[in-house]
Amino acid sequence: MLILDLGDNEFTGRLPPFGKHSRSLGLISLEENHFVGGIPPQLCRLSYLHFLSLAQNEVSKPIPNCFDGFLSMVDNARHHENLPVVIGLNVLVDTKGTSQIYGNALSYFFSIDLSANMLDGQMPEEFIRLVELQNLNLSQNNLSGHIPSNIGDLKNLESLDLSRNKLSGTIPPGTSNIDFLSYLNLSFNRLSGSIPSSNHLCTVDDESVYHGNDGLRGAPLSKICPGDEPSGTDGDNSSGDKPSEGNLDIHNWFYAGLGPGLTVGFMGFCSILHFKQS
């Protein structure tokens, strides 16, 4: 068996352990069911697996730290000739913030979707070895801890959704170095610090990407980082419209001479009336 798609059913119980008798599986979709329990570590033995969706179940416990056993996602060139060719199969994939139907393109699409479950614990560092990944969705879980600092090594990642978890710490600067990243969602976590700035993040500069993280600051949010004030300002109520010292002197002399000038003019008018009563 190369492909197993049992999504959108009413299956219950624990996830199948798979393992040595299922090593040819390249695609597994069990989303939108009622599976419970943890993710069986035997799943990591599926070296040709390049598409996994367990989304919208009731799966709990931490994510196993052996996902780098999906060797096709680690080194596609080495396993490409054994990847299953998908013909005549359409699968609905949640990626880039929307649902898209993938058909024959699934043969060349590398994706892990564990969203909308009850997974907890930290995001495993082993994910970073999956350099072929194009879509990673871990949203709507109870994941905690930090985002791996070397997440920028996932150079082929196009969509990353870690929203609605309990992730803390800063956003790794390497996030801005993911060349193909066109969709990012880190909203509603506990992240803090400055948002990395780079041309690569220009396509994901929507404020909603970072909503729900009260400790974050910097563009595109309205909170400004210390030291990020526009050039020519010193942070003490100064602005580009502040009058220069020369202009201030002119204004001061003008107002200082206005009173005496009016007095002299009025006295001159009265003197004319006094000497020439007609």
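Residues that satisfy the ring pair (Phe, Tyr, Trp, His ring centres under 6.0 Å) test with F70, not counting sequence neighbours, are F67. Residues passing the side-chain contact (heavy atoms from CB on, under 4.5 Å) test with S99 are L92, D94, sequence neighbours excluded. Residues meeting the ring pair (Phe, Tyr, Trp, His ring centres under 6.0 Å) test with F35, sequence neighbours left out: none. Considering only residues two or more places apart in sequence or on other chains, S168 meets the side-chain contact (heavy atoms from CB on, under 4.5 Å) condition with H146, R190. Annotation: ring pair (Phe, Tyr, Trp, His ring centres under 6.0 Å) contacts of F188 (sequence neighbours excluded): none. Qualifying side-chain contact (heavy atoms from CB on, under 4.5 Å) partners for S208, counting only residues two or more places apart in sequence or in other chains: D206, H211. Under the rule for a side-chain contact (heavy atoms from CB on, under 4.5 Å), the partners of D161 that lie at least two apart in sequence or sit in another chain are N137, S139, S163, Y183, N185.
Pairs passing the disulfide bond (SG atoms under 2.5 Å apart) check and including a residue from residues 3-49, sequence neighbours excluded, read C44-C66. A salt bridge (charged side-chain N to carboxylate O under 4.0 Å, His left out) check over residues 22-47, counting only residues at least two apart or in different chains, returns nothing. A side chain to side chain donor-acceptor pair (under 3.5 Å) check over residues 109-124, counting only residues at least two apart or in different chains, returns the pairs S111-N135, D113-S115. Residue pairs meeting the ring-ring contact (aromatic ring centres under 6.0 Å, His included) criterion with at least one partner in residues 148-171, sequence neighbours excluded, do not occur; the list is empty. The salt bridge (charged side-chain N to carboxylate O under 4.0 Å, His left out) pairs that include a residue from residues 133-146 number zero, where partners must be two or more places apart or lie in different chains.
Within a 6.0 Å sphere centred on NZ of K155, heavy atoms belonging to other residues, nucleotides or ligands number more than 12.
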